[in-house]
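Structure first, then comments.
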Amino acid sequence: MRTWPDPFQHFEHWYAEAQRCDGLDVPAMALATATPEARPSLRIVYFKGLVAGAFSFYTNYTSRKGRELAANSNAALLFYWQPLERQIRIEGTVQKLSREASQRYFASRALAKQISASISDQSSVIPSYQNLQQRFTQAQTEHTGDSLPCPPHWGGYAMTPGCFEFYISDENRLNERVYYECNGGGGWQIKYLSP
Ligand SMILES: Cc1cc2nc3c(=O)[nH]c(=O)nc-3n(C[C@H](O)[C@H](O)[C@H](O)COP(=O)(O)O)c2cc1C
């Protein structure tokens, strides 16, 4: 596997190669969070770009992941691109993006998605899916303008990585694993892991 002195360059090369591959949902990444008692939870979110060296995504701050991140900022990300037989694991700490960045991104979304985000108390128990659809339809009739303001419960996060692992499957299971660890001084140390 080709390596770079900086794992962000490695990530960007692999990401661009995945984008050239048909039928892949390239930005879909698994996000693992955990309670302070180390009870983990995992879900897919969309990667929305690197912001000052951190992996950004958007969600509801009062969702399960939002509550877990408020109590424990440690998290992990995973990209898996099956046709390329590649995965990337990233571990680090997560901070909220600025209110301005969240508002800017929210404003770029279609009105229907803004309405969904505004009416959804993500991860809470609801009476039924039909009830949610009715609230969505009701909100659509009430909001005839172009855009809604970004709700206070919604916004972005960004994960600052402390380590990356780049993995390529091998047909004999002699899988190749390259691990980059932040050395604290802004540099990265490369290690090779046994499959
Ligand atoms: C392909 C895909 C992309 C998703 N992207 C997002 C996203 O960007 N933000 C988000 O909040 N949820 C996204 N979801 C939904 C999450 O997986 C999850 O159901 C939701 O965020 C609630 O998670 P929580 O209860 O653990 O907080 C996505 C789901 C899929 C399958």
Side-chain angles (χ1 to χ4, degrees), residues 11-12 14-133 135-136 139 147-161:
F11 176 80
E12 279 167 6
W14 275 29
Y15 199 84
E17 283 172 8
Q19 284 177 315
R20 291 196 286 275
C21 204
D22 281 342
L24 265 182
D25 195 5
V26 182
M29 59 183 184
L31 163 72
T33 55
T35 64
E37 296 76 36
R39 182 184 288 240
S41 68
L42 184 64
R43 78 289 291 154
I44 299 288
V45 293
Y46 276 131
F47 168 55
K48 291 291 176 179
L50 284 166
V51 178
F55 286 74
S56 71
F57 56 93
Y58 290 86
T59 192
N60 184 308
Y61 289 143
T62 59
S63 64
R64 178 172 178 183
K65 71 181 96 47
R67 292 193 304 272
E68 290 182 359
L69 287 170
N72 174 7
S73 64
N74 295 299
L77 300 174
L78 180 125
F79 291 89
Y80 173 54
W81 299 314
Q82 192 274 331
L84 294 169
E85 301 201 62
R86 289 178 177 182
Q87 81 175 348
I88 305 174
R89 296 165 63 175
I90 307 166
E91 291 166 35
T93 52
V94 174
Q95 298 83 33
K96 278 184 182 174
L97 288 178
S98 70
R99 199 67 208 137
E100 295 70 38
S102 296
Q103 286 166 337
R104 222 175 12 254
Y105 176 68
F106 191 84
S108 75
R109 306 189 91 203
L111 180 62
K113 289 183 180 176
Q114 293 181 345
I115 292 173
S116 292
S118 298
I119 64 161
S120 170
D121 183 11
Q122 194 179 50
S123 315
S124 68
V125 175
I126 53 175
S128 65
Y129 186 65
Q130 286 69 23
N131 175 277
L132 182 70
Q133 285 176 310
R135 286 174 49 220
F136 177 78
S147 190
L148 281 180
C150 180
H153 63 254
W154 197 93
Y157 288 103
M159 180 211 264
T160 303

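Numbers here are sequence positions counted from 1. When a ligand or atom number is given, it counts from 1 through the structure's own listing order.
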*Sub-4.5 Å side-chain heavy-atom contact between F57 and M29*: yes

*asked:* According to side chain to side chain donor-acceptor pair (under 3.5 Å), who are the partners of R109, at least two apart in sequence or on a separate chain?
replied: none

*Between E17 and R86, is there a salt bridge with N-O shorter than 4.0 Å?*
yes

*What orientation do F47 and Y15 show, parallel under 30°, tilted 30 to 60°, or perpendicular over 60°?*
perpendicular

*Got a second to check how far R43's CZ is from T59's OG1, nearest 0.5 Å?*
8.0 Å

*Nearest-0.5 Å distance, OG of residue S41 to CD of residue E68*: 3.5 Å

May I have every N or O pair linking ligand 1 to the protein at under 3.5 Å, one per line with atom names and distance?
residue	atom	partner	partner atom	Å
ligand 1	5 (N)	Y46	N	3.4
ligand 1	8 (O)	Y46	N	3.0
ligand 1	9 (N)	Y58	O	2.9
ligand 1	11 (O)	T59	OG1	2.6
ligand 1	11 (O)	Q122	NE2	3.3
ligand 1	14 (N)	I44	O	3.2
ligand 1	17 (O)	I44	N	3.4
ligand 1	17 (O)	I44	O	2.7
ligand 1	21 (O)	K65	NZ	2.6
ligand 1	21 (O)	Q122	NE2	3.1
ligand 1	23 (O)	K65	NZ	3.4
ligand 1	25 (O)	S123	OG	2.6
ligand 1	26 (O)	R43	NE	2.7
ligand 1	26 (O)	R43	NH2	2.9
ligand 1	27 (O)	S63	OG	3.4
ligand 1	27 (O)	R64	N	3.3
ligand 1	27 (O)	K65	N	3.0
ligand 1	27 (O)	K65	NZ	2.9
ligand 1	27 (O)	S123	OG	3.3

